[in-house]
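In what follows, a single structure is set out as structure tokens and then discussed.
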Amino acid sequence: MHQPFQFSIQAQCSQTQARAATFLTPHGKVETPRFMPVGTLATVKALTPAQLKGTGAQMVLANTYHLHLQPGEDLIARAGGLHRFMGWDGPMLTDSGGFQVFSLASLRTIQEEGVKFRSPRDGRIINLTPEKAIAIQNQLGADVIMAFDECPPYPASKEAVIAATERTYRWLKRCIAAHDRSEQALFGIVQGGVYADLRTAAAEQLVDLNLPGYAIGGVSVGEPGDLINQIVKVTVPLLATEKPRYLMGVGTYQEMVQAIAAGIDLFDCVIPTRLARHGAVFVRGERWNIKNAQFREDFAPLDAECPCYTCQNFSRAYLGHLWRCRELLVYTLLSIHNITELVRFTARIREAILGDRFLSEFGHYLAPPESHQY
Ligand code: GUN
Ligand code: ZN
């Protein structure tokens, strides 16, 4: 018997809260822990869906905010939904726009009803409300959709964070009331800034609503070093054990290992694709730049142990040549490598958890901060 969005835990680490699980969606399964690449405008930049599949990516993100601005959800619905429109038949998740409207939009006013802002595209005033964010995501048709939330900036006064967190809860209840499609799972988002008591209260309120999954938002917004880890450690234990847990916008090696140790299952981050566009690649935990002169006659692959298409077929010298000639292929090849690297990192963690070797293989990432940053 397969109910939609079944989440089954295969293994639980004996020394930490890390778990290996399978999350079933209408477009296939997601084996967790797993990194999810970001395809903001219904494309993971520079990659075809076949190349994306080749990286090992299972679930892919897109953004309500960007797709509403262009080409608009009506057009995507007429195209048959986001999956058909972009040619990706695997699991998808859309973010609600709650975060992007706060980080990207100008002339923004937040009211109880929702957020008003000026479209950076054509200057028209746009009103995004919880109901609208759900209606848009219903039209886009991703497997997982996110609640419309208010992500307070860092730093922010406790009063401001309380107001944002309470509003996020009221907005969540409006999202739930507006959502009536069983083929899409609505995840709630815990806010609360850096305040443990606010995070705790928000998480407790959220789990009472019995949603199919929970996310932690409002992290990686400029707060110092170890705070993400502290927020995750106080929040996760309150979230239901038998539901997927998603840490939004996080994707360094160390942050992911720490979060997995606390019981997080899903991650997303623009880092692998954004860095690729700047010529940067992850190689054995380090960050290199392909335009560096030392690679000019280096005929080794980026990483001899990487199974990606780029490493299987091309040398550092060739990639550096493409970069210096501004050849478009370089963006594709570097993105393939970087996404493969992060997806594979989480897939290796999953294997370690299944064999109860998580701490012995990845415990060194739990050591002091700063030691394993990109
Ligand atoms: N992406 C990264 N952080 C957040 C957040 O706090 N809320 C939403 N909706 N998306 C995010
Ligand atoms: Zn590679």
Side-chain angles (χ1 to χ4, degrees), residues 36 38 40 47 51 54-56 61-66 93-105 115 128 130 133-134 136-137 142 144-154 156 161 164-165 167-168 171-172 175 186-194 199 202 206 213-223 228 231-232 235 246-251 255 259 264 266-272 276 280-285 288 290 300-316 318-319 332-345:
M36 306 184 285
V38 179
T40 300
L47 298 196
Q51 290 166 331
T55 67
L61 253 74
N63 284 104
T64 297
Y65 171 84
H66 297 81
L93 179 152
T94 45
D95 198 357
S96 57
F99 182 73
Q100 287 74 26
V101 85
F102 292 103
S103 52
L104 301 176
V115 185
L128 209 48
I134 295 300
I136 297 170
Q137 292 185 89
V144 173
I145 66 175
M146 300 304 298
F148 189 65
D149 57 333
E150 180 179 348
C151 175
Y154 180 87
V161 179
T165 308
R167 176 171 285 149
T168 292
W171 282 359
L172 171 62
C175 288
L186 171 64
F187 281 22
I189 304 174
V190 180
Q191 292 291 347
V194 297
R199 289 279 175 183
L206 204 56
Y214 300 102
I216 298 178
V219 300
S220 214
V221 289
E223 72 279 24
I228 297 183
I231 292 166
V232 168
T235 309
Y246 162 30
L247 182 59
M248 307 188 83
V250 159
E255 288 162 354
I264 292 285
L266 294 166
F267 303 91
D268 79 282
C269 190
V270 296
I271 284 183
V281 284
F282 306 130
V283 178
R284 289 183 244 114
W288 295 355
I290 199 62
L302 285 174
D303 181 345
E305 283 166 23
C306 178
C308 88
Y309 172 74
T310 303
C311 293
Q312 291 303 307
N313 292 282
F314 305 101
S315 65
R316 297 166 182 173
Y318 179 67
L319 296 169
T332 300
L333 296 180
L334 299 187
S335 296
I336 286 175
H337 171 77
N338 281 353
I339 293 174
T340 303
E341 167 65 17
L342 288 201
V343 170
R344 197 164 66 97
F345 182 70

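All ligand and atom numbering here is 1-based and tracks the order in the structure.
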**Study point:** Identity and separation of the nearest protein heavy atom to atom 10 (N) of ligand 1
**Key:** Asp95 OD2, 2.5 Å
Point to revise | Non-hydrogen atoms of Leu206 and Gly188 that approach each other most closely | key: CD2-C, 4.0 Å
Check your understanding: Which value, rounded to 10°, describes the SG(Cys308)-the Zn ion (ligand 2)-SG(Cys311) angle?
Key -> 110°
Exercise for review: State the atoms of ligand 1, each with its element, that fall below the 4.0 Å cut-off from a heavy-atom position in Cys151.
Suggested key: 6 (O)
Practice item. Could you find the nearest protein heavy atom to atom 7 (N) of ligand 1 and give me its residue, atom name and distance? Key: Asp149 OD2, 2.6 Å
Exercise for review: Please could you name the atoms of ligand 1 that Gln191 approaches to less than 4.0 Å, counting only its heavy atoms?
Suggested key: 5 (C), 6 (O), 7 (N)
Check your understanding: Given that the side chain starts at C-beta and the backbone is N, CA, C, O, which of these parts of Met146 lies under 4.0 Å from ligand 1, counting heavy atoms, or is it both or neither?
Key -> neither
Point to revise | Gap between atom CG of Leu47 and atom OG1 of Thr332 - 0.5 Å precision | key: 6.0 Å
Exercise for review: Kindly give the heavy-atom pair with the smallest separation between Pro301 and Cys311, and that separation in Å.
Suggested key: CB-O, 3.3 Å
Practice item. Check each heavy atom of Val221 against ligand 1 and say whether those closer than 4.0 Å belong to the side chain, the backbone, both or neither. Key: neither
Review point. Relative to the Zn ion (ligand 2), which of the N, O or S atoms in His337 is the closest?
Key: ND1
Point to revise | Nearest heavy atoms of Arg344 and Pro307, plus distance in Å | key: NE-CD, 3.4 Å
Study note, to complete from the structure: Counting from 1 in the order shown, the ligand 1 atoms closer than 4.0 Å to a non-hydrogen atom of Ser96 are 9 (N)
Review point. Does ligand 1 have an atom under 4.0 Å from some heavy atom of Gln100?
Key: no
Exercise for review: List the closest protein heavy-atom neighbour of atom 2 (C) of ligand 1: residue, atom name, distance to the nearest 0.1 Å.
Suggested key: Met248 CB, 3.6 Å
Exercise for review: Might you point out which heavy atoms bring Asn338 and Phe282 nearest each other, and give the distance in Å?
Suggested key: OD1-N, 3.1 Å
Exercise for review: Rounded to the nearest 0.5 Å, what's the gap from CG on Asp95 to CE on Met248? Could you check?
Suggested key: 4.0 Å
Point to revise | Atom indices of ligand 1 within 4.0 angstrom of Gly217 heavy atoms, with elements | key: 5 (C), 6 (O)
**Study point:** Gln137 side-chain N/O to Met146 backbone N/O, donor-acceptor pair under 3.5 Å
**Key:** yes
Review point. How far is atom 6 (O) of ligand 1 from its nearest protein heavy atom, and which residue and atom name does that atom have?
Key: Gly218 N, 2.7 Å
**Study point:** Straight-line distance of Ile231 CD1 to Arg199 CZ, nearest 0.5 Å
**Key:** 5.0 Å
Check your understanding: For atom 4 (C) of ligand 1, what is the nearest protein heavy atom, given as residue, atom name and distance?
Key -> Phe99 CD1, 3.4 Å
Point to revise | Side-chain donor-acceptor contact under 3.5 Å, Tyr246 with Asp268 | key: yes
